[in-house]
2 protein chains.
Amino acid sequence: MVNTKLRKQIDEKQVKIFKALADPIRLEIIEYLKHTDHEIACGEVGKAVNISKTSGSYHFKLLESAGLINTRWEAREKYVTLNESTFDKYVTDFYQNI
Amino acid sequence: MVNTKLRKQIDEKQVKIFKALADPIRLEIIEYLKHTDHEIACGEVGKAVNISKTSGSYHFKLLESAGLINTRWEAREKYVTLNESTFDKYVTDFYQNI
DNA sequence: TTAATAGTTCAAAAATATTTGAACTATTTT
DNA sequence: AAAATAGTTCAAATATTTTTGAACTATTAA
């Protein structure tokens, strides 16, 4: 059990995560990344799910800001992977924890 | 593994559920219902989370349409409970199943 | 050193979601 | 029968999210 202020912060984070998951493009990206199962460049994912680079930039930023993906720059490319621990804590364990 | 058309339907349902969860009022309602742990009238929940009846009507309808709550009318009141099986299938098991 | 490539940023436009209050239905209480 | 209660519906207003294209930065390749 947590206090009210912390509860509220947790909820804001929780809402942010569900918002990030509440979009068909982002779900496609997430599914693609899960099945890929290794680091992959944003551009390659974007091609796979058929979105413009601008749209990709928007969606990857949002996913990263929610903590659902990790990113790493190398040369011209930004590589992404899923952040499984966020899925575990905020999705898989959501119902149990509220 | 499922075919493309079914995959798409599942995704639509999945998006709808995450959208329903992606709102602070609805998360409060859900948390309240989980802790209440028995049938309770919409109005009582609405008072507890401090929303207008119009707003309550909107949010309960959305939660029901996503399959996250069950409802039952009795006399003037509409009673709600969480639909745990939807949480299990679409939230708890989400990451594993994609 | 110029081209091409990978991605970002910006602001405007378009699309979606939420809130609000007034008027409504159905049921129960007085 | 009238008043009160519980909830719905509607349309307008507001707020938030997403898409778009043009211009940009940084890096690599020719």
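Because only heavy atoms are used, hydrogens play no part in the values below, and waters and symmetry mates are left out as well, while side chains stay in. Below, chains carry the letters A, B, ... as their sequence lines are ordered, and counting in each starts from 1.
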Gap between atoms CD and C1', on A:Glu12 and D:dT16 respectively (whole Å): 16 Å

Nearest-Å distance for atom pair CZ/C1', residues A:Arg72 and D:dT27: 15 Å

Interface polar pairs with nucleotides 15-18 of chain C, N/O, under 3.5 angstrom:
from   : atom 1 : to      : atom 2 : distance (Å)
C:dA17 : OP1    : B:Lys19 : NZ     : 3.2
C:dT18 : OP1    : B:Arg26 : NH2    : 3.1
C:dT18 : OP2    : B:Tyr58 : OH     : 2.8

Between B:Glu39 and B:Thr81: side-chain donor-acceptor atoms closer than 3.5 Å: no

Set of side chain to side chain donor-acceptor pair (under 3.5 Å) partners for A:Glu12, sequence neighbours left out: none

Members of residues 40-49 of chain B that approach DNA chain D, where some heavy atom sits under 4.0 Å away: B:Ala41, B:Cys42, B:Gly43

Contact list for residues 67-91 of chain A, test ring pair (Phe, Tyr, Trp, His ring centres under 6.0 Å), sequence neighbours left out: A:Phe87-B:Tyr95

Lys/Arg N to Asp/Glu carboxylate O, A:Arg72 vs A:Glu74, below 4.0 Å: yes

Whole-Å gap separating P (D:dG7) and CD1 (B:Ile29): 12 Å

Between the first and last five pairs of the helix from C:dA4-D:dT27 to C:dT30-D:dA1, the angle of the axes, rounded to 10 degrees: 30°

Rounded distance (Å) that lies between atom C1' of D:dA6 and atom NZ of B:Lys61: 16 Å

Side-chain donor or acceptor of A:Asp23 paired with backbone N/O of A:Arg26 under 3.5 Å: yes

Nucleotide-resolved protein contact map, nucleotides 22-30 of chain C, B/S/- at heavy-atom distance under 4.0 Å: B----BB--

